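Numbers for residues simply follow the sequence, beginning at 1. Atoms within each ligand, like the ligands themselves, are counted from 1 in listed order. Keep in mind it's a predicted model, so treat the numbers as computed, not measured.
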Amino acid sequence: MLRYAVIGNPITQSWSPFIHQQFSKQTDIALSYEAVQVEAANKSAFQTILQQLSKKYAGINITLPYKRWAFEVLKTHHRLSDRAKDAGTVNCITFANANVWLGDNTDGIGLVRDISQNLGWHLQGCKILMLGAGGAAQAVLPAMIETNPICIDVLNRDLSKAKAMIEPFKGAHCEMHCLDSCGKISYDCIINATSASLWKELPSTIDTLHAENTYCYDMVYSASPTVFLQWAISQHAKATSDGLGMLVEQAAESFYQWHAVMPDTKIVIEQLRNQLF
Ligand code: NDP
């Protein structure tokens, strides 16, 4: 039986084993998928761990805090998809053989599929505000640009990070600006890619922001609406969603990379939502 895993630190909270087991049942593809805690002090130690994992698993997903190191190891020694090159991080590795590993990033396509296919929000021609300029924001930015919005503004406390993040996309077909505070511009869609909701906080940058008639998406997911989504509802947002669908869609794209079969995600999103309560 082919073996897969998700690695990170911490990892006990990961829903990836549950999601991949549901995909396996649904598609009749026999596999095992486990969560593996990895403790690597530096990139070189992480590379050694990847070599060990490559002997045991056909593929792995990578979560915090190792997505950037995975990118750097694969950039130097192996192959990267265009999506991973644009994202600067890797969340999915296929171990084709001992010498050929392919690194990919499925977060961006996961977010866009959730927004466009599951939620039915149309981003083409929209003004988008991205909150945050960390790893998740960077990973999804190329896929967001591909949806053909009019503009994407990136609002982050640390303006230098936002500037560095959009630099490679200068000349893209949508306008992009960096902000460290927001005025009174209204947006069609706000994506919260900060980690503030994990600490039950609103992003500190949104004090003057309005969200009336705006699609509001929080990448963080939880059983009850996050603080950001509560704020959006109080602002009369057009529609709101947390990031549970993104989690399942990015997993589905990994599953597709490994098995060339796209699972039904809607049913798994529902199952997972029930598990969260
Ligand atoms: P990082 O630590 O790389 O980045 C965190 C970002 O949040 C930074 O831009 C930081 O700003 C900002 N931030 C944190 N706290 C606040 C605050 N109180 N007010 C304003 N800005 C704040 O994290 P990631 O980018 O990797 O992840 C971001 C979130 O996305 C996480 O919560 C993660 O759970 C979620 N995620 C969800 C996925 C899914 O499938 N649903 C997939 C990937 C991530 P600054 O730079 O100024 O410090």
Just need the protein heavy atom nearest to [atom], so name the residue and atom and give the distance.
{"atom": "atom 11 (O) of ligand 1", "result": "Asn156 OD1, 3.1 Å"}
{"atom": "atom 46 (O) of ligand 1", "result": "Lys161 NZ, 2.6 Å"}
{"atom": "atom 18 (N) of ligand 1", "result": "Glu201 OE1, 3.2 Å"}
{"atom": "atom 22 (C) of ligand 1", "result": "Arg157 CZ, 3.6 Å"}
{"atom": "atom 28 (C) of ligand 1", "result": "Ala193 O, 3.4 Å"}
{"atom": "atom 6 (C) of ligand 1", "result": "Thr194 CA, 3.9 Å"}
{"atom": "atom 36 (N) of ligand 1", "result": "Met219 CB, 4.2 Å"}

Is it the case that [X] and [Y] place a side-chain donor and acceptor less than 3.5 Å from each other?
{"X": "Ser16", "Y": "Asn61", "result": "no"}
{"X": "Gln257", "Y": "Thr94", "result": "no"}
{"X": "Tyr217", "Y": "Asp242", "result": "no"}

Taking Ile190 as the fixed residue, which of Thr214, Asp153, Ile206 is the one that meets the side-chain contact (heavy atoms from CB on, under 4.5 Å) rule?
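Looking at Thr214, Asp153, Ile206, the match for Ile190 under the side-chain contact (heavy atoms from CB on, under 4.5 Å) is Thr214.
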Protein heavy-atom contact under 4.0 Å for atom 2 (O) of ligand 1?
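Within 4.0 Å of atom 2 (O) of ligand 1, no protein heavy atoms are found.
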Starting from Ile11, can I reach Phe18 by hopping between I/L/V/M/F/W/Y residues whose side chains sit under 4.5 Å apart?
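Yes; tracing contacts between hydrophobic side chains, which count when under 4.5 Å, links both residues.
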Heavy-atom nearest neighbour of atom 14 (C) of ligand 1 within options Ala133, Pro203, Ala136, Ser195:
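Ranked by closest heavy atom to atom 14 (C) of ligand 1, first place is Ser195.
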Please state whether the rings of Tyr66 and Phe46 are parallel, tilted or perpendicular, taking 30° and 60° as the class boundaries.
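Answer is parallel, since the angle falls under 30°.
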Are the aromatic rings of Tyr57 and Phe95 close, with centres under 6.0 Å apart?
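Aromatic pair excluded; centres sit 6.0 Å or further apart.
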Between Leu198 and ligand 1, which residue portion shows a heavy-atom distance shorter than 4.0 Å: side chain, backbone, both, or neither?
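It is the side chain that touches ligand 1; the backbone stays farther off.
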Side chain, backbone, both or neither: which applies to Val220 and ligand 1 if a contact is any heavy-atom pair less than 4.0 Å apart?
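Val220 to ligand 1: side-chain contact only, backbone stays beyond 4.0 Å.
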Run the numbers on Leu131 and Ile191 for side-chain contact (heavy atoms from CB on, under 4.5 Å), then give the verdict.
CA-CA 6 Å; Leu131 303 173; Ile191 310 283; over 6 Å; no
Compute the shortest N/O to N/O distance between Leu244 and ligand 1 and return yes if it is under 3.5 Å, no if not.
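No; the residue has no nitrogen or oxygen that sits under 3.5 Å from a nitrogen or oxygen of the ligand.
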Does any N or O atom in Tyr221 lie less than 3.5 angstrom from one in ligand 1, N or O only?
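No, there is no polar N/O contact under 3.5 Å.
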